[in-house]
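Order of the sequence lines fixes the chain letters, A, B, ..., with proteins taken first and strands second; residue numbering starts at 1 for each chain.
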Amino acid sequence: MKLNVWKDVEEIREKSPLIHNITNFVVMNNTANALLSLGASPVMAHAIEEVADMASIASALVINIGTLSEHWIEAMKIAIQTAGLRKIPIIIDPVGAGATKYRTDTVKDLFAITNPSVIRGNASEIMALIDTSIQTKGVDSSQSSDSALIAAQTLAKEYKCIVVVSGVTDIITDGEKNIFIENGDLMMPKVTGLGCTATALTGAFCAINHNYFEACANAMAVMGICGQLAVKISKGPASLQMNFLDKLFTLTQNEVESNLKYHE
Amino acid sequence: MKLNVWKDVEEIREKSPLIHNITNFVVMNNTANALLSLGASPVMAHAIEEVADMASIASALVINIGTLSEHWIEAMKIAIQTAGLRKIPIIIDPVGAGATKYRTDTVKDLFAITNPSVIRGNASEIMALIDTSIQTKGVDSSQSSDSALIAAQTLAKEYKCIVVVSGVTDIITDGEKNIFIENGDLMMPKVTGLGCTATALTGAFCAINHNYFEACANAMAVMGICGQLAVKISKGPASLQMNFLDKLFTLTQNEVESNLKYHE
Amino acid sequence: MKLNVWKDVEEIREKSPLIHNITNFVVMNNTANALLSLGASPVMAHAIEEVADMASIASALVINIGTLSEHWIEAMKIAIQTAGLRKIPIIIDPVGAGATKYRTDTVKDLFAITNPSVIRGNASEIMALIDTSIQTKGVDSSQSSDSALIAAQTLAKEYKCIVVVSGVTDIITDGEKNIFIENGDLMMPKVTGLGCTATALTGAFCAINHNYFEACANAMAVMGICGQLAVKISKGPASLQMNFLDKLFTLTQNEVESNLKYHE
């Protein structure tokens, strides 16, 4: 299988799809900026009174449970229902699943409304959704992505969706076929919320490419390539965050094609 | 009419007015930093139990509906009442008006408490407050600022306030006289929340210059000048955000006067 | 007394303690990034349904009242109870105490559950907790740290805890002995939430050094040293924020030891 990452990037820049995010307080600013830098149009809205309206004009819905509370869960459920009826892609980031029962249970409640299109998490989070004995260290993974492959495949089959596990090697699976992205840099987990950014960008790729397996692979490739190019000119995690966003904005076809590294 | 932008900047730096913000989760950090870099003192407070007390010690109240919910609206109303009684400037940013009925209705409810001093939005948002058929694309404008002049004038007359429409050309109107600021750069809308920053800075200018028409023009001039100077040394939207804030902090009289571009 | 700052930094980098933060919307991103750059593992969680679980797996609890509301206070109380039973360090940042009665009262309610391990604030905030006639200017101090020494000592004795007052000279006191840190730079208060960052880092130091007096002094020394080194390569507050975080990540023993400046 050959990835055509650049085609999707160009289409996002041209169409600027509206991405409705219900996400956490920690990353809202960076998530919005990442979507803008990629070429999409982000909106953050979580009020029960408006999430159905907002999901009705969006091209993708991104749900991230990073800083959860009761009213927000209610809003997430309403938005998922609307998105499900409109058949726009629904991307769910189970931040901190496995750290508290509340998070793990909430994710399962969200899945019960309608199958998500994509679940993207770190290894601990994905494994915790299959095996409740896995303990996530807050929002950081205690597991390697290698050990998460079987959990990811199981989850993908259960919900008939794509599962993305980010790590040193990113895994994208639909339960049958897999793709592994080898881009990125070890400094990336030192920036808070780059995983959440990956989830949001995945929303933009799924908004314009309805082959969600490909869209997810392309999104993770862009994350990894921008990350590794940004690290080269960064002195630490904070300049990495800045250079990453700048690179998303200036990314060229040549940069994508000369750095892309993946296998099946 | 001759703008005296620098006089206001100097006065803000000297007096460091306290600006009470009830704003959205996406931009709180950058808004606070922009006010600090300009020389003002920001405070964010939204609890129903304390907004009246906070508005009682502030020199301006900035209300931004970017990420709305029920309790926040209640707090906004209390703060507006207090600010109205104290006759401190009230600046309202109708983020996403026209995207959902909830947002448009909320803005009108806020206006009903007491006339705002200033309304600042993008073209879609301002037009949606006059013409409910206008659909805002999330929080991004679907209209050019040129087409918003009549809507802005109508709104200014209706609420006896200043209306500011930011865009390639910024419009400032009191319904009768207009001023148009030609500073800024096309990369600015690629940074999330620079519009919200403009609203917050407007609060600081109105806090020290009670001619709100002038204060708004001066605020938008500073936004545009800092933005265009920052773009020159930026590689993309994230370095623009950083350089913009640094430039606000280091801005000189000469930079203002040699770059200012406006007409009536 | 001789500070051994570097030993603590190394231990944080090695053990990566999980720090549970219930903090304000303005600083969440920077706080999480500062903890990551230092080598700790941050988690933000505020839901009443999960704070006890999260505090149960954390090595320190950091409570910051910067943007307060009713449900958050309830969650803070539950988390403090759990942390108190587990005897992990509890660090409280009384942001804006003295600005509104609501904030001052809330802090006292939190103290009533169990004595905090550390209280860290600016001079106004610390003085307002002793003398209700002190008026804080929003979240900025209206007092110099010199004038706060007696208030800090009184507070430390009352709650049998360490009190840290940040300012040009940082004060650390247990009510009897004091240490004064002379690092830092005057530009630091122009970055929103660097005080909150100091509080969060204090949580990481207390997580690995159970002599909280020393841990607090070491945390403030790292803040000040990283701040003054970052200022040297910064053009304003926004590049200072970035360079500060990068420096936390790259800080060396030599940088600490050649810059550390304190007295008793």
Side chain from CB out, backbone as N, CA, C, O: work out which of these in B:Ile233 comes under 4.5 Å of a heavy atom of chain C, or both, or neither. side chain

Which of C:Val95, C:Leu68, C:Leu240, C:Val139 touches chain B most, by non-hydrogen pairs under 4.5 Å: C:Leu68

What closest approach, in Å, do C:Pro237 and B:Asp246 show between heavy atoms, and which atom pair accounts for it? N-OD1, 3.3 Å

How about residues 195-203 of chain C versus chain B: which residues have heavy atoms under 4.5 Å apart? none

For the candidates B:Thr250, B:Leu248, B:Ile57, which exhibits the highest count of non-hydrogen atom pairs separated by less than 4.5 Å from chain C? B:Ile57

When rounded to the nearest 0.5 Å, the distance separating NE2 of B:His71 from CD of C:Glu70 is 9.5 Å

So what's closer than 4.5 Å to chain C heavy atoms on B:Ser239: side chain, backbone, both or neither? neither

Residues B:Glu49, C:Ser69; criterion side-chain contact (heavy atoms from CB on, under 4.5 Å); working and verdict: CA-CA 8 Å; B:Glu49 293 85 351; C:Ser69 63; 5.7 Å; no

Nearest-0.5 Å distance, CG of residue B:Asp53 to OG1 of residue C:Thr104: 9.5 Å

Those residues of residues 25-47 of chain C that come under 4.5 Å of chain B on a heavy-atom basis, listed by number, are C:Phe25, C:Val26, C:Val27, C:Asn30

What part of C:Thr106 gets closer than 4.5 Å to chain B, counting heavy atoms only: side chain, backbone, both or neither? neither

Considering non-hydrogen atoms only, spot the tightest contact between B:Met54 and C:Thr100 and give its length. CE-CG2, 3.8 Å

Any idea which heavy atoms bring C:Lys235 and B:Asn243 closest together, and the distance? NZ-OD1, 3.6 Å

Can you tell me if NZ on C:Lys108 sees more than 12 non-hydrogen neighbours from other groups inside 6.0 Å? yes

